[in-house]
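The analysis underlying the following values was restricted to heavy atoms, covering all of them including side chains, and did not include hydrogens, waters or symmetry mates. Position 1 is the first residue of the sequence; numbering continues from there.
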Amino acid sequence: MAEKIRINLRSFDYRVVDKAAADVVNAAKHSGSFVCGPIPMPTKIERVTVNRSPHVDKKSMDQFEVRTHHRLIVIKEATPQTVDDLKKLNLSAGVEASIDL
């Protein structure tokens with residue numbers, strides 16, 4: 001069985017990603033595995049600047065940004081029960097999870 005499982009969680013809302021991370025940690029601890037995390041990774045900020053009007057107000061611009069929040073969870077000494085519990089876990093909508101074995 002895999003000794004270490006790394007789970008990356010991403011979301012645009014930090015509350016949703018924190019709740020999903022807490023659910024993953026509780027499921028892993030319930031099955032008897034050792035858990036490191038959730039570790040907050042740097043927030044990725046994407047900024048876009050657009051013109052308000054293409055003709056008269058050419059110098060007037062709006063700025064928009066999208067923030068992507070990341071959490072890393074490392075599960076050491078994973079058991080087959082841990083993997084089964086993680087497969088059964090339903091994460092909230094808007095959370096992207098990637099698992100590295």
May I have the list of side-chain donor-acceptor pairs in residues 24-38 shorter than 3.5 Å, sequence neighbours left out?
unit_1 : atom_1 : unit_2 : atom_2 : d
Asn26  : ND2    : Ala22  : O      : 3.2
Ser31  : OG     : Ala28  : O      : 2.9
Ser31  : OG     : Thr82  : OG1    : 2.7
Ser33  : OG     : Thr82  : OG1    : 2.6

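- Proximity of a side-chain donor or acceptor of Thr49 to a complementary backbone N or O of Gln63 within less than 3.5 Å is not detected.
- Pairing each heavy atom of Val16 with each of Ala93, the nearest pair is CG1-O, 4.0 Å.
- Taking OG1 of Thr68 as the reference point, atom CG of Asp13 lies at 11.5 Å (rounded to 0.5 Å).
- Lys19 has a carboxylate O that lies under 4.0 Å from a charged side-chain N of Asp23, or vice versa, which qualifies the two as a salt bridge.
- Counting heavy atoms from C-beta on, the side chains of Met61 and Lys59 never come closer than 4.5 Å.
- The 12-atom threshold is not exceeded at CG of Asn90, counting heavy atoms of other residues, nucleotides or ligands nearer than 6.0 Å.
- Val66 shares a hydrophobic cluster with Phe12; the chain of contacts runs through ILVMFWY side chains whose heavy atoms sit under 4.5 Å apart.
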Just do the side chain to side chain contact (heavy atoms under 4.5 Å, CB included) check on Arg6 and Ser98 with the steps written out, would you?
-> CA-CA 8 Å; Arg6 295 173 57 130; Ser98 62; over 6 Å; no
Under the criterion side chain to side chain contact (heavy atoms under 4.5 Å, CB included), I'd like the reasoning laid out for Leu86 against Asp84: C-alpha separation, chi angles, the key distance, then a yes or no. CA-CA 5 Å; Leu86 291 175; Asp84 290 340; over 6 Å; no
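- Atoms NE2 and OG1, from His69 and Thr43 in turn, are 5.0 Å apart once rounded to the nearest 0.5 Å.
- Within the 4.5 Å cutoff, no side-chain heavy atoms of Ile99 are placed close to those of Asn8.
- Listed by chain and number, the residues in a side-chain contact (heavy atoms from CB on, under 4.5 Å) with Val50 are Val48, Asp62, Phe64 (sequence neighbours excluded).
- Here the side chains of Leu72 and His70 are not in contact, with every heavy-atom distance at 4.5 Å or above.
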* Asked: Can you check side chain to side chain contact (heavy atoms under 4.5 Å, CB included) on Ile39 and Met41, steps first, answer last?
  -> CA-CA 6 Å; Ile39 303 166; Met41 303 303 284; 4.2 Å; yes
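- For the pair Leu9 and Val17, the tightest heavy-atom approach, listed with the atom from each and the gap, is CB-CG2, 3.7 Å.
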Applying side chain to side chain contact (heavy atoms under 4.5 Å, CB included), run through Arg71 and Asp18 and close with a yes or a no.
CA-CA 8 Å; Arg71 301 292 183 266; Asp18 286 338; 2.8 Å; yes
